[in-house]
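Worksheet for the structure shown next.
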4 protein chains.
Amino acid sequence: MKKEDRRIHVLECASEVFAKKGYHETSVSDIVERARIARGTFYLYFENKRAIFEELLDQLIEKLDRRIKRINPEDDVARQLKANVRGIIDLFLDNRELTKILVHEAIGLDEGFDKKLAQLNARIRNMVKASLDLGIEMGILRPCNTSITARCIMGSVREVINYLVVEAEPGSHVSGKERDSLVEQLMAFSLFGLSGGSYNELNNKPLW
Amino acid sequence: MKKEDRRIHVLECASEVFAKKGYHETSVSDIVERARIARGTFYLYFENKRAIFEELLDQLIEKLDRRIKRINPEDDVARQLKANVRGIIDLFLDNRELTKILVHEAIGLDEGFDKKLAQLNARIRNMVKASLDLGIEMGILRPCNTSITARCIMGSVREVINYLVVEAEPGSHVSGKERDSLVEQLMAFSLFGLSGGSYNELNNKPLW
Amino acid sequence: MKKEDRRIHVLECASEVFAKKGYHETSVSDIVERARIARGTFYLYFENKRAIFEELLDQLIEKLDRRIKRINPEDDVARQLKANVRGIIDLFLDNRELTKILVHEAIGLDEGFDKKLAQLNARIRNMVKASLDLGIEMGILRPCNTSITARCIMGSVREVINYLVVEAEPGSHVSGKERDSLVEQLMAFSLFGLSGGSYNELNNKPLW
Amino acid sequence: MKKEDRRIHVLECASEVFAKKGYHETSVSDIVERARIARGTFYLYFENKRAIFEELLDQLIEKLDRRIKRINPEDDVARQLKANVRGIIDLFLDNRELTKILVHEAIGLDEGFDKKLAQLNARIRNMVKASLDLGIEMGILRPCNTSITARCIMGSVREVINYLVVEAEPGSHVSGKERDSLVEQLMAFSLFGLSGGSYNELNNKPLW
DNA sequence: TATGAATGAGAATTCATTCAT
DNA sequence: CATGAATGAATTCTCATTCAT
């Protein structure tokens, strides 16, 4: 097995174990056992337990970063939003194991992790906030405290993601239709809250 | 120091350490050091680390349960909602340390904790969902998937809480005005999303 | 409760716990719980855990010492022997708890105990040996290595005692008849081994 | 040092410490200190203190089982008995440390040990009893309560063994002649008790 | 590169004993 | 005398990491 292949193999195995047992409950022994390598070999590829975990998270963060497209206000905004949300959901469902870790575990591990996750959150949140600011400036969205509202949106998305990867049946497949429906509900809630309106009607026209 | 006082003292110290270092990084030594008691004294009051943590959580959960009032659809719904949200925010801000633990830590610790928190979540979520179902039936709210929407609402609230107790300046005081504003924003978002409308106008009248 | 009464009460409780759980498995907590006294009170009456155990053993050793009568060769030897053995068996059966400790536990506790028990053993063994020496000198017993033979006799007795207090049904009563039978068997074996003869016939007459 | 060698080395060291300090007074620290290995290394080879002790005992029990040969009544019984007793004595003298543990310590440790030893005792005792029953049936031995008498015999043997490994000078060598003499005395006592007769004369001929 | 035996710091927990009330 | 809260030394066991082969 080539060096890079083995590295990837170990990463995969670690991901499985971490997702199943959690960071703290996972020992290096668990990982090397599953990967069928010697204890020492592990340390040839990764500095320590923290490092392999961090690398797994970095992978997911990077993928997430690539999936999220900046909104172009000139184009159909609703479609772009929809695509973004759907992309995120797809990514997480395709990486359940890692997502579980991201959502469930990578919190309170140590200051380094927390900071990294906080930064990721802040980055996305700022994108959302910028979009809101723009939408308001353009007269499409109602004026509001965009900082707080951005958090509300992220909280909604996070909660639905969490439901999908953690609470819903572990191995179950979530069909495209179901995903569509989830996106629909998420967006309807974000755009109109509990009151009426349908985002299908919107076409860069004022929402209020 | 009386027995019950000391017990409370240890609980407080533990709460501080847990909030600062996280459950796993906190050792019994950390707690006894901060509480300035001997190693063995700790075990006089609590069975083990898990037990003291559980007690702290139970305290918070109980308080939370008591704060959340069932909505009476006959009365002014908006005011009741507002009061509930404000109550929750007040509770968490008055128990920052514990809340930090609840939001940040009490996840993936062990099956027991996870289950307890999942149950708490489910209980509140079901209350929210029931309210939504009722609102829709009464023609006040637009029809939607109330399961998912309930999650969206909870996610929004959770995220704002998290902001308040974790990200915002640790020692800072959040004034009544600021709390009011947060509640306002949260409710505006939940009721109208990003579109127009003001919940102040509502008086059990249809939102759509 | 008077001082001496309480002391005795604690000793009894300790005896019960020691017999049931063994020396090492018994904690001072066990004793004070059963005796319904406070932890500190225990140390008013006994220096420490070792001390109360030693006192219990000393009691039994003393009783044992008093029970064993020196054989008078002028009188009916067989009857005296029989009385001695029966006396020992009665003592142990009347003090099952303590005996269990003596046989089962008071070994390897610490050098002090071991020495004390070794001395007790040696004292009794020497009495036996002296009797054998006398018997041989008088031509009643066959010549033999009386040191070793004395050990054989003691081993036989010890084994039967052990059977009675440890292996046989804990609470069961051993009737006088059964005790007689045991003594009979023990003496028959010691006097004639597996070969023929009946000690009833002997009357200070040569056995060979 | 090879893995198996180290394992054996640790077992030997543990055996020495156990024999010297007793099971309860021996800590894992004592063992690793004597074996000059690290704390963790111990747990690489043995699950815990109980496990290494049990292994030591099992070794001895197994050896003992192998040494004891069933008596064939067709052959010279006295010779076979003598060989058995001599074999047992040799085994114990060759494994003084372990024997000391077996005789002195392995009692009241925990239910598991006690049961194991009780079973060993019962097994041997039953062999003895069966031999006695057979001897009586064949008319070679006098009728007696073979259960009790079997215990007497075992007690005699145990006591002599105990003398050899515990009381007699620890490092001293017991010569073949001395061992022969011990066997002689033991058998003489068992066969003829304190009365006359010499087992040398017997040749499957009636003892009474 | 790969191995896996060895390490030892550190964690949780117990319990005999003390001492202030 | 009696109490029982407090102590802290001692013990067992784990596991991330190192290093000789």
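As a basis for the values below, the full set of heavy atoms in this structure was taken, side chains included, without hydrogen atoms, waters or symmetry mates. Here is the naming used below: chain letters follow the sequence lines, and residue numbers restart at 1 for every chain.
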**Report entry** Of the listed nucleotides F/dT17, E/dA6, F/dA5, the one nearest the side chain of A/K49
**Finding:** F/dT17
Requested in this report: Answer yes or no on whether D/K3 is positioned over the face of D/Y45, meaning its NZ or CZ is under 6.0 Å from the six-membered ring centre and within 45° of the axis.
Outcome: yes
Report summary line: Taken to the nearest whole Å, CD1/C/I52 to P/E/dA16 is 12 Å
Query raised in the report: For the pair made of CG in D/D30 and C1' in F/dT12, what is the distance, rounded to whole Å?
Result: 13 Å
**Report entry** Whole-Å gap separating C1' (E/dT17) and CZ (C/R50)
**Finding:** 16 Å
Query raised in the report: Taking for each residue the nucleotide of DNA chain F with the nearest heavy atom, is it C/R36 or D/L44 whose nucleotide lies nearer the 5' end?
Result: C/R36
Query raised in the report: Looking at B/E25 and B/K20, does any basic side-chain N land under 4.0 Å from a carboxylate oxygen?
Result: no
Query raised in the report: Where each residue is assigned the nucleotide of DNA chain E containing its nearest heavy atom, which of B/N48 and A/G40 is assigned the position nearer the 5′ end?
Result: A/G40
Report task. Describe the nucleic acid contact of A/T41 in one word from base, sugar-phosphate, nothing, applying a heavy-atom distance below 4.0 Å. Result -> base
Report task. Find the partner of E/dA20: check Watson-Crick (N1-N3 plus N6-O4 or O6-N4) and G-U wobble (N1-O2, O6-N3) distances, both under 3.5 Å, and reply none if neither fits. Result -> F/dT3
Report summary line: Out of E/dG4, F/dT3, E/dA2, minimum distance to the side chain of C/A38 belongs to F/dT3
Query raised in the report: Which comes earlier along DNA chain F counting from the 5' end, the contact point of D/S29 or that of A/S29, where each point is its nearest nucleotide?
Result: D/S29
Report task. Measure from CZ on C/R7 to P on F/dA2 and round the result to the nearest Å. Result -> 13 Å
Query - Euclidean distance, atom CZ of residue B/F42 to atom P of E/dC15 [Å, nearest integer] - result: 17 Å
Query raised in the report: How are the rings of B/Y23 and B/F113 set relative to one another: parallel (under 30°), tilted (30 to 60°) or perpendicular (over 60°)?
Result: perpendicular
**Report entry** Gap between atoms NE2 and P, on D/H24 and F/dT11 respectively (whole Å)
**Finding:** 14 Å
Query - Between C1' of E/dA2 and CZ of A/F46, the distance in whole Å - result: 15 Å
Requested in this report: Would you mind classifying the nucleic acid contact of D/Y45 as base, sugar-phosphate or nothing, using non-hydrogen atoms under 4.0 angstrom?
Outcome: sugar-phosphate
Report summary line: C/Y43 has its side chain closest, among E/dT18, F/dC1, F/dC13, to E/dT18
Report task. Answer yes or no: does a side-chain N or O of B/R39 lie under 4.0 Å from OP1 or OP2 of E/dA11? Result -> no
Requested in this report: Would you check if the side chain of A/K100 reaches a backbone N or O of A/N162 as a donor-acceptor pair within less than 3.5 Å?
Outcome: no
Query raised in the report: Is the shortest distance from a Lys or Arg side-chain nitrogen in D/R7 or D/E55 to a carboxylate oxygen in the other one below 4.0 Å?
Result: yes
**Report entry** Pair partner, E/dG8 [Watson-Crick or wobble, under 3.5 Å]
**Finding:** F/dC15
Query raised in the report: Whole Å only: how far is the NZ atom of B/K2 from the C1' atom of E/dA20?
Result: 14 Å
Query - Side-chain N,O (A/R6) to OP1/OP2 (E/dT1) below 4.0 Å - result: no
